[in-house]
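Presented below is the structure to which this report refers.
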Number of protein chains: 2
Amino acid sequence: MATIQDVAKAAGVSPMTVSHVINDHPHVRKSTREKVLLAMAKLDYRVNVAARNLRKGRTGTIGLAVPEVNRPYYGQLAALIIAATEKYGIRVSIEQTGASRENELDALSLSRNRLYDGLILSTVGMGPKDVERLKVDYPVVILGERIFDGPVDHVAMPNVDGSRAATRHLIDRGCRRIAMLSGQVGDEVDVSSLRRSGYRLALESAGIPYDPALVHELGSSTMRAGAERIRAMRDGGADFDGVFCVTDTVAVGVLRGLADLGIRVPDEVKVIGFDNVEEGEFLVPSLSTIDPDHVMMATRAVDLLVRRIEGSTSVDGHEEFVSHFSLVARESTGG
Amino acid sequence: MATIQDVAKAAGVSPMTVSHVINDHPHVRKSTREKVLLAMAKLDYRVNVAARNLRKGRTGTIGLAVPEVNRPYYGQLAALIIAATEKYGIRVSIEQTGASRENELDALSLSRNRLYDGLILSTVGMGPKDVERLKVDYPVVILGERIFDGPVDHVAMPNVDGSRAATRHLIDRGCRRIAMLSGQVGDEVDVSSLRRSGYRLALESAGIPYDPALVHELGSSTMRAGAERIRAMRDGGADFDGVFCVTDTVAVGVLRGLADLGIRVPDEVKVIGFDNVEEGEFLVPSLSTIDPDHVMMATRAVDLLVRRIEGSTSVDGHEEFVSHFSLVARESTGG
DNA sequence: TTGTATGCGTTATCAG
DNA sequence: CTGATAACGCATACAA
């Protein structure tokens, strides 16, 4: 493979001049530039990114650590983040953490090998106790709920307000016994806890008593868990006329479970989710949900990270960004 | 940031000894090793991957070019491919091509900048005419349908046989007027053409005449397109009792469209898709489909690529791998 | 078992 | 406007 040296020789100039041409430096005479470009074409020259990285101390790649690219919400996020990096000419390398605290911490230290110029980290396993570990000397943006007031920039979802709006919507549609299916609840600042808070706030505002028997914690936020749990609840004699699901994924399972029970949605029970995944619009019945503006979250995360990368350590403090949301009313709550 | 030199100084040895320790070379006395490890820990030493890459001529990263990580089938594939690279200690960087020929060719030449050790490329936009462009001097594995007998390794889906089995299944369940919704049909070797072939073969075997009026080409293989087209077909007076959809994504839309028309599935019309995406099991009705063994495809693609990377150019010829499939019968075809 | 010399390909700096 | 020099951090080959 041709190197800058080869091109220089072929063009009858010094390697430095070739470098100038490659990097679009001004002060290069037109005729020289053309000579060089010709030689480059003839030799099919390609820059060696590894060498450039070594010299510049940058890799041009950022890491994105998510539980799994194939999970509905994270897949969408990954797609948007990759799209958002394009305008900066940055590439994205994906690490799958499986939502485990261990792997999230690993991703954090992998980046320290100067593999990436920065890291966007979805914290699902890590909790507030791990805040100390975030004190690293390279750019990090946290995407998720479990770390607040950490030492780094943070992009979060409108969990409490969104959930409150979702629950409120069920109440407006006439529901009085509203079940909530959450994922695992931990230390007060995970997604499920936050969304439960919104749920409670909405009930309180409406003067509806909170009934612990209607609030269930799933082992995992999957379709299967949603389907199984809703059937078990009804089999156990639970009485509800509305269900707020912690994610659309769970809601898909709940719709399935209710169908198995022969319960009509929305006539007998109304259902709402959170995330606005693409298929919600096409389910039967179509799924009402909260749309947390993924595009904005992705864009913001990338912009924050790039700002840190460019400005190195010069940006003081850290930023907390919570995206806006909108309620999407579809058939599962009566349209 | 500490370098090998710093560690060497701190440990009172030469830089080379540190390197030996880092790379687990034998012939290092235990006591020396420990001295070095101690110094590394004290200085919080991290290898500089860029430097190592330059020296070794490898980057430890492969590229994965897919239309979009968020599309059902490709997201799943990406997740599996990333998982499959883990055992090799390789990272995956994702390029989104948007299914455009241009961007696919770009991905191909980007890799030539020695950014990646190899590339897994989903060809959707590129066609047989671009085969020449695949003659590159670094490892490439094609994942997709449109390139056959190219100069590189190729992992493909069982499109014809799978589609044939899907159509055959509808026939077995009593369908006689079977519609087919495909994506864009191009040059005989794209997914849609291949799946159409399977469809025709099944009809022929069963002695059912091929009716062009029942075969429709969608502008894009989306849920929306599926829903709209099936409604338009029925509005136009089309008469069918079964639908074979080119992908599960389209099938989800079709189920929705049929619901809009008040047509009962599977009683009046039976529906089957292709891909076995996760949500199929939880739809109402649950979706019958062809499962092309994604895990095997991902594993195979990674293994083939790694073989090329390790063996450099030493592997002769190229391999064509077509995965096996299984039929998943669910409610949409009568269980 | 450990150390020395050298170069991977590029670019920053500064001189011409 | 162009070029000489040096250095980024590491690992191969070989010598001691």
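Sequence lines set the chain letters: A, B, ... in the order given, protein chains first and strands last, and positions in each chain run from 1.
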About how many Å separate CZ of B:Arg300 and CG of B:Asp153, when rounded to the nearest 0.5 Å? 9.0 Å
A:Thr17 side chain N/O closer than 4.0 Å to the phosphate oxygens (OP1, OP2) of D:dG3? yes
Starting at atom CG of B:Leu115, determine the distance to atom P of C:dG9, rounded to an integer number of angstrom. 16 Å
Go through D:dC1, C:dT1, C:dG9 for me and flag the one nearest to the A:Leu54 side chain. C:dG9
Check whether any side-chain nitrogen or oxygen of B:Thr32 sits under 4.0 Å from OP1 or OP2 of C:dT1, and answer yes or no. no
So does A:Thr3 get a side-chain nitrogen or oxygen closer than 4.0 Å to the phosphate oxygens (OP1/OP2) of C:dG9? no
Given D:dA11, D:dT2, C:dT10, identify the nucleotide with an atom nearest to the side chain of B:Asn23. D:dA11
Whole angstrom is fine here: how far is it from NE2 in B:His20 over to C1' in D:dC10? 12 Å
Stepwise, does the side chain to side chain donor-acceptor pair (under 3.5 Å) test hold for B:Thr59 with B:Asp117? CA-CA 6 Å; B:Thr59 67; B:Asp117 294 338; 3.1 Å; yes
Just to be sure I understand the rule, does B:Ile4 reach a base, reach only the sugar-phosphate, or reach nothing, if contact means heavy atoms closer than 4.0 Å? sugar-phosphate
Regarding A:Gln96 and A:Tyr74, is there a side-chain donor-to-acceptor distance under 3.5 Å anywhere? no
Round to the nearest Å and state the distance from A:Tyr45 atom OH to C:dG9 atom C1'. 7 Å
Is there a donor-acceptor pair under 3.5 Å between the side chain of B:Thr17 and the backbone N or O of B:Val13? no
If you compare all heavy atoms of B:Asn103 against all heavy atoms of B:Ser100, which two are closest, and at what distance to 0.1 Å? N-OG, 3.1 Å
Specify the separation, in whole Å, of atom CD1 of B:Ile22 and atom P of D:dT12. 12 Å
Send over the distance from B:Asp6 CG to D:dC8 P, rounded to a whole Å. 11 Å
Side chain of B:Met16 - closest among D:dT12, C:dA12, C:dT1: D:dT12
Could you tell me how far apart A:Gln5 (CD) and D:dA6 (P) are, to the nearest whole angstrom? 15 Å
Please give, in whole Å, the distance from C:dG7 C1' to B:Arg52 CZ? 18 Å
What's the closest nucleotide to the side chain of A:Asn48 if the choices are D:dC10, D:dT2, C:dG9? C:dG9
Measure from CZ on A:Arg58 to P on C:dG9 and round the result to the nearest Å. 24 Å
For D:dA11 and B:Ser19 - does any side-chain N or O of the residue sit under 4.0 Å from the phosphate oxygens OP1/OP2? yes
Does any donor-acceptor pair link the side chain of A:Arg55 with the base of C:dT10 at a separation under 3.5 Å? no
On DNA chain D, nearest-nucleotide positions of B:Lys56 versus A:Arg33: which is more 5'? A:Arg33
